[in-house]
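Every chain is numbered from 1, with letters handed out A, B, ... down the list of sequences. Here the structure is a predicted model, which means the values were calculated and not measured.
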2 protein chains.
Amino acid sequence: MNNYKVGEIAKIVGVNVETLRYYERIKIMPKPKRLPSGYRYYNDDDLRRLLFIKRAKELGFTLKEINELLNLRIESTSTCGDVKHIAEHKLLDIEEKIRDLKRIRKVLLRLISQCVHEEISSVECPILEIIEKRQKRSPK
Amino acid sequence: MNNYKVGEIAKIVGVNVETLRYYERIKIMPKPKRLPSGYRYYNDDDLRRLLFIKRAKELGFTLKEINELLNLRIESTSTCGDVKHIAEHKLLDIEEKIRDLKRIRKVLLRLISQCVHEEISSVECPILEIIEKRQKRSPK
DNA sequence: ATAATGCTCGTAGTATGGTACTGAGTCAAG
DNA sequence: CTTGACTCAGTACCATACTACGAGCATTAT
């Protein structure tokens, strides 16, 4: 079981020291023990937790959701199904975002294809005209 | 050329009155003229500008980017090519986001498929284990 | 020994895109 | 004449996720 000072653990995981203090403040990381000097020192459990947070963030989970996942992990009454529900919810979320972005991409492609005379004044730019005249989409 | 009070124009375009005042504060909408009562009154140019902002927002442009587009439109030296560049940049942006989200979706699907025994304790949940042990992606 | 980092704390600021509240004035209807 | 609807200006606050600053100790490298 190793010990780490805040700067060390931050470097290993690749987060800012301030971020760690922020995580402590919002209670997503526990208050670490202190050395006689008052310095925080972390152990391997903390390291695992911090890595978990980092990876879950890369998966698009918010800090709030990550907290839920972490709590599920320590509540012995919670099941794998509980975890699965959170993941499924996130999946729907992500899929909706993908759909939205694809729709936006389609419009952008159309806009860009309209510009065949790059040198003309932006006043007559068909791109701006399309944005201006664009019909509202059907409500989502 | 019609005149609109703040509540009227907001209703037509479908934004909050406060949003309009906010846009004025951040200088994305010009300061409108005032009636003797001090009320703002807007004209059809303002209406077009506001609609433009709304539509560009739906395309995923940020208020800052929309401001650039609007400034290009009034600078007579700017060309349609300038506008095209912004749109192309936004397209790359959007495409990167789509790629990121697809990667996340893939991992989530894999996570979810791992949970075959919903009733087991979260302590042994393979989903959490995967998040924990997940390898870092290649740097983007 | 001394300089250079490193860590402490609290507070405040960043960026995004707004929303909500306060207290006052205007205006038309009943 | 009072009520209710609307507007005004200004400010505070929301969520999200950090990031920075500065004073003052601690540790470390040379």
Nearest-Å distance, [atom1] ([X]) to [atom2] ([N])?
X	N	atom1	atom2	answer
B/Ile28	C/dG18	CD1	P	9 Å
A/Lys33	C/dC7	NZ	P	20 Å
A/Ile26	D/dA15	CD1	C1'	12 Å

### Query
Which ILVMFWY residues can you reach from A/Leu35 by hopping between side chains whose heavy atoms are under 4.5 Å apart?
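A/Leu35 clusters with A/Tyr39, A/Tyr41.
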### Task
Give a yes/no answer on whether the side chain of A/Arg40 brings an N or O atom under 4.0 Å of OP1 or OP2 in C/dC7.
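For A/Arg40, the contact criterion (side-chain N or O under 4.0 Å from OP1 or OP2 of C/dC7) is not met.
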### Query
Base, sugar-phosphate, or nothing: which does A/Val17 touch, judged by heavy atoms less than 4.0 Å apart?
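Touches nothing.
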Per-pair distances, 0.1 Å, donor-acceptor, side chain in residues 13-22 of chain B, under 3.5 Å, sequence neighbours excluded:
unit_1: B/Asn16; atom_1: OD1; unit_2: B/Glu18; atom_2: N; d: 2.9
unit_1: B/Glu18; atom_1: OE1; unit_2: B/Arg21; atom_2: NH1; d: 3.4

### Message
Run the salt bridge (Lys or Arg N to Asp or Glu O under 4.0 Å) test against B/Arg105 and tell me which residues pass, sequence neighbours left out.
### Response
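For B/Arg105, no residue satisfies salt bridge (Lys or Arg N to Asp or Glu O under 4.0 Å) once neighbours in sequence are set aside.
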#### Entry: Listed partners of B/Lys84 passing salt bridge (Lys or Arg N to Asp or Glu O under 4.0 Å), at least two apart
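Counting only residues at least two positions away or on another chain, B/Lys84 forms a salt bridge (Lys or Arg N to Asp or Glu O under 4.0 Å) with A/Glu118.
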### Message
I need the full list of salt bridge (Lys or Arg N to Asp or Glu O under 4.0 Å) pairs touching residues 71-82 of chain A, with sequence neighbours left out, sorted by first then second residue.
### Response
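Counting only pairs at least two positions apart or across chains, the salt bridge (Lys or Arg N to Asp or Glu O under 4.0 Å) contacts touching residues 71-82 of chain A are A/Arg73-B/Glu132.
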### Query
So which pairs with a foot in residues 29-42 of chain B pass salt bridge (Lys or Arg N to Asp or Glu O under 4.0 Å), sequence neighbours left out?
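Listed once each, the pairs are B/Glu24-B/Arg34, B/Glu24-B/Arg40.
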### Task
Classify every nucleotide of nucleotides 17-30 of chain D by which part a protein heavy atom approaches to under 4.0 Å, writing B for the base, S for the sugar-phosphate alone and - for neither, in 5'-to-3' order.
BBBBB----BSS--
### Query
Got a sec? Which of residues 85-93 of chain A come in under 4.0 Å of DNA chain C, heavy atoms?
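By residue number: none to list.
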### Task
Work out which heavy atom in A/Ile98 is nearest to a heavy atom in B/Leu101; give both atom names and the distance.
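Smallest heavy-atom distance, with atoms named: CG1-CB, 3.5 Å.
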### Message
Among residues at least two apart in sequence or on other chains, which ones pass side-chain hydrogen bond (donor to acceptor under 3.5 Å, both in side chains) with A/Lys5?
### Response
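With neighbours one apart ignored, the set is empty.
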